[in-house]
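Comments concern the structure below.
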Amino acid sequence: MTQRQLSDICCLSPPTDCLNIFFTVCGLNGVWGMGHEKMTSVSTQAKDHIGAERAVRPTRFEREVATPFRIAAMLSLAGLLVIAFAEVMFPGAAKPLFAVVPVAILAPLLIFMWNKLAAPLKLAMATEDALAPMARSERRFAAMESDGGGAQEGGSGALSLAYTDLLTGLGNQMRMHEKFTRLADARRGKDTPFAIAVMNLDGMKPINDLFGYAGGNEIIKQCAARLAAAVEGDGFVSRYGGDEFAFIFPNVADERGAQEKGRLLHNVLAAPFDLEGRMVRLSGSFGVALYPHAGETIDTIMPCIETALYHSKRLGRGRVTIYSHELEGLVREDARIEQALRSAVANDEVVPHFQPIISLQDGRLLGFEALARWTDSELGLISPSRFIPLAEERGIGAQLTDSLLLQAARAAADWPEDLFLSVNLSSVQLVDPSTASNIIRLIDLAGLAPQRLEIEVTETAMMTDPETAAMIIDDLHHAGIRISMDDFGTGQSSLGRLRELKLDKVKIDRAFIMAIGEDKSAEHIVRAILEMCAGLELTVVAEGIEEIKQAESLKRYGCHAGQGFLFGRPQDAHKTTGYIRDFMSTSESDRAQVRGASKREDRPHAILSVRGG
């Protein structure tokens with residue numbers, strides 16, 4: 001029986017329309033309406049209770065309730081037709097009892113019985129139908145348990161509704177825990193490992209936002225049907241909660257087999273889903289652990305699975321991660337760093353260091369980029385590549401950016417007024433409509449003019465929510481703040497999007513700059529970016545310049561400015577003030593004579609002799 005057929009079980013068309021007319025004629029249309037509404041709501045409940053697999057034969061409700069009701073209703077309708085015919089043909093004549101009785105007694109009785117009995121009967125029968133596929137799965141799984149050293153009890157017997165997910169018809173979290181415990185007890189003390197996994201669906205939030213939770217539930221049911229078919233005869237699948245499914249594979253005993261199972265299930269979900277006539281694509285992230293290596297009880301093994309699942313989500317969508325003790329060490333280290341980082345952000349212990357940005361055309365000092373640096377009293381120096389992604393993952397990225405911006409703006413307020421400050425914006429802030437007003441508030445508090453501030457954003461961050469990002473950029477522009485696209489060439493924005501965002505500056509990623517002089521294709525890409533930006537009237541900064549020949553080549557190509565170790569390493573606020581003082585006191589003629597001093601970190605501006613080249 002198809003899902004559409006199921007929804008029409010109680011829609012007795014054409015008899016439904018006839019009965020509607022019949023009860024209206026009898027003055028009972030209100031009662032009929034209530035009965036019909038209840039029939040429709042119960043039909044919807046039944047659809048939610050019945051799983052992906054359905055029996056071909058009619059349901060018990062169809063055989064034992066709906067069909068007899070149809071017959072009785074048709075008899076009652078026949079009585080009405082007989083009376084109407086007799087009234088037309090023999091007006092005023094006595095009406096036969098066999099026609100009056102069905103109308104006078106049977107019709108009200110039918111209405112009463114339907115209103116009182118249809119809903120509970122249908123719900124109970126639909127629930128029983130939903131549990132039937134689960135019972136078959138139980139028997140298959142019990143057989144596998146016996147093959148592996150097996151549980152003594154079979155899969156027969158009544159299945160409690162408390163163990164069933166009513167949306168999908170699969171077992172729920174309680175059932176999965178019970179299955180694991182039973183299989184673990186059967187395998188305890190034997191060299192027969194098995195795999196247990198949890199899969200989290202990627203990308204459900206946009207689906208819920210676009211189609212509502214009804215659409216999300218439909219996707220969950222379609223996923224359940226696919227996953228149940230994929231593991232049938234080889235494992236057990238349950239809906240663990242929300243958009244998560246759990247699996248037990250009794251015959252998977254090593255990491256290789258677990259990886260293969262994960263890839264199989266990932267491929268099962270890769271095909272598009274049909275939702276309201278539109279194609280929707282999903283993926284799943286998997287965390288897998290092996291019994292007994294990761295734990296011997298559900299309470300000890302589930303944290304390991306969650307650790308592996310978290311690692312999969314960090315790496316990106318559609319990953320399969322097998323738990324290991326090394327992985328546990330990384331997660332524990334992250335937890336230590338997170339706790340220390342929260343304290344450091346709250347106390348402004350993550351501080352800005354400033355790297356100079358130099359004009360490649362005339363050698364002037366243009367400004368500085370603020371870069372986060374953190375040294376913990378116990379953990380030591382922590383790389384930004386480690387703590388910045390962690391801050392964004394754990395929800396403190398915006399707080400960290402605000403702290404750095406306020407510290408950096410206060411330092412920049414004391415610089416000469418022709419020098420600008422460039423600050424990177426956290427990706428989470430580009431989806432927050434209040435970001436622009438918050439930035440303006442912070443620099444006003446620090447005493448820095450908006451015209452001296454540049455905000456750097458990445459292509460990928462802007463594509464997360466393009467509309468909100470565009471609104472934030474527009475608000476910052478109105479305040480006089482310039483916008484720069486960082487790491488250009490590594491993200492996913494289109495040229496059209498680049499024009500629409502009304503940027504002021506583009507920073508070419510260091511990966512292309514480092515390859516200048518060694519990779520012709522990289523040079524062609526750099527030249528193409530420069531020509532494109534010239535057409536869009538955008539200033540271009542090259543990042544990662546470490547050699548004089550790179551700076552000279554970029555100057556010939558027409559690049560406006562450069563940044564990298566060749567010009568100076570990031571330094572704290574105090575040393576940056578000294579850098580500015582030394583730079584300003586060095587005459588232009590002096591700079592042309594210190595080409596050989598380019599490696600001195602305390603005089604990084606010495607390499608600016610390229611202006612005369």
Side-chain angles (χ1 to χ4, degrees), residues 310-317 319 330-355 357 368-412 421-432 435 438-439 442 453-465 469 472 483-493 507-511 541 543-544 563-565 569-573 576:
Y310 166 74
H311 193 69
S312 289
K313 300 290 279 188
R314 282 193 65 184
L315 294 177
R317 295 184 173 188
R319 301 298 184 103
L330 291 175
V331 172
R332 288 181 178 176
E333 183 67 17
D334 280 350
R336 287 186 62 202
I337 294 175
E338 178 191 354
Q339 293 303 314
L341 181 59
R342 289 184 181 275
S343 176
V345 171
N347 297 317
D348 290 338
E349 294 173 3
V350 181
V351 298
H353 281 207
F354 303 93
Q355 187 171 38
I357 299 173
F368 294 85
E369 179 182 357
L371 302 169
R373 295 294 182 266
W374 176 37
T375 302
D376 183 75
S377 58
E378 295 182 1
L379 300 174
L381 179 64
I382 310 295
S383 170
S385 62
R386 184 79 183 276
F387 72 79
I388 291 178
L390 189 63
E392 298 201 357
E393 290 170 8
R394 305 301 169 89
I396 54 177
Q399 186 181 354
L400 173 59
T401 301
D402 288 349
S403 172
L404 289 169
L405 173 58
L406 184 58
Q407 294 180 68
R410 283 173 172 164
L421 169 67
S422 183
V423 177
N424 291 275
L425 200 62
S426 168
S427 60
V428 297
Q429 292 176 291
L430 278 174
V431 297
D432 181 1
T435 292
N438 186 54
I439 290 174
L442 289 173
L453 179 64
E454 287 187 1
I455 294 295
E456 295 188 17
V457 295
T458 63
E459 297 177 75
T460 303
M462 286 192 293
M463 292 303 104
T464 302
D465 187 346
I472 293 171
I483 307 297
S484 173
M485 179 181 283
D486 196 16
D487 300 333
F488 184 76
T490 63
Q492 49 187 285
S493 67
K507 302 185 78 172
I508 304 177
D509 186 69
R510 63 183 298 113
V541 177
E543 296 182 298
Q563 175 182 352
F565 289 168
R569 293 179 179 273
Q571 302 180 98
D572 62 29
T576 298

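- Legend: residues meeting side chain to side chain donor-acceptor pair (under 3.5 Å) with S377, ordered by chain and number and at least two apart, are absent.
- Under the salt bridge (Lys or Arg N to Asp or Glu O under 4.0 Å) criterion, E543 pairs with K507, sequence neighbours left out.
- A search for side-chain contact (heavy atoms from CB on, under 4.5 Å) contacts involving A340 returns W374, D376, L379, not counting sequence neighbours.
- Residues that satisfy the side-chain contact (heavy atoms from CB on, under 4.5 Å) test with S403, not counting sequence neighbours, are D348, Q407.
- Summarising the geometry, atom NE2 belonging to H311 is positioned 9.0 Å from atom CZ belonging to R319; distances are rounded to the nearest 0.5 Å.
- Take T576 and apply the side chain to side chain donor-acceptor pair (under 3.5 Å) test, not counting sequence neighbours, and it matches no residue.
- The line from CG of L400 to CD of Q429 is 9.0 Å long, rounded to the nearest 0.5 Å.
- Within the structure, every pair that satisfies the ring-ring contact (aromatic ring centres under 6.0 Å, His included) test and touches residues 335-354, not counting sequence neighbours, is listed here: F354-W415.
- Every residue was checked against the salt bridge (Lys or Arg N to Asp or Glu O under 4.0 Å) condition with E349, not counting sequence neighbours, and none meets it.
- V428 and A398 get closest at one heavy-atom pair: CG2-N, 3.9 Å.
- We find the CD-CG distance between Q399 and L404 to be 11.0 Å, quoted to the nearest 0.5 Å.
- The local environment of CZ in R332 is sparse, with at most 12 non-hydrogen atoms from other residues, nucleotides or ligands closer than 6.0 Å.
- Residues I455 and I472 are not in side-chain contact: their nearest non-hydrogen atoms beyond the backbone lie 4.5 Å or more apart.
- Scored by the side-chain contact (heavy atoms from CB on, under 4.5 Å) test, R394 finds Y310, D334, E338, R342, L390 as partners (sequence neighbours excluded).
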Discussion item. Evaluate N424 against L371 for side-chain contact (heavy atoms from CB on, under 4.5 Å), listing each step before the verdict.
Written reply: CA-CA 8 Å; N424 291 275; L371 302 169; 4.3 Å; yes
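- Residues P384 and R373 approach most closely at CG-NH1, 3.4 Å, considering heavy atoms.
- Here the CD1 atom belonging to I382 is positioned 8.5 Å from the CZ atom belonging to F387, to the nearest 0.5 angstrom.
- R510 meets the salt bridge (Lys or Arg N to Asp or Glu O under 4.0 Å) test with E546; sequence neighbours excluded.
- Shown here are the side-chain contact (heavy atoms from CB on, under 4.5 Å) partners of S422, two or more places apart in sequence or in another chain: E369, F420, E454, E456.
- In this structure, the separation between OG1 on T458 and CG on D509 is 11.0 Å, given to the nearest 0.5 Å.
- The two residues G564 and Q355 have their closest heavy-atom pair at C-NE2, 3.5 Å.
- In this view, N438 and D402, R441 satisfy the side chain to side chain donor-acceptor pair (under 3.5 Å) rule, not counting sequence neighbours.
- With contacts defined as side-chain heavy-atom distances shorter than 4.5 Å, the pair V350/L341 qualifies.
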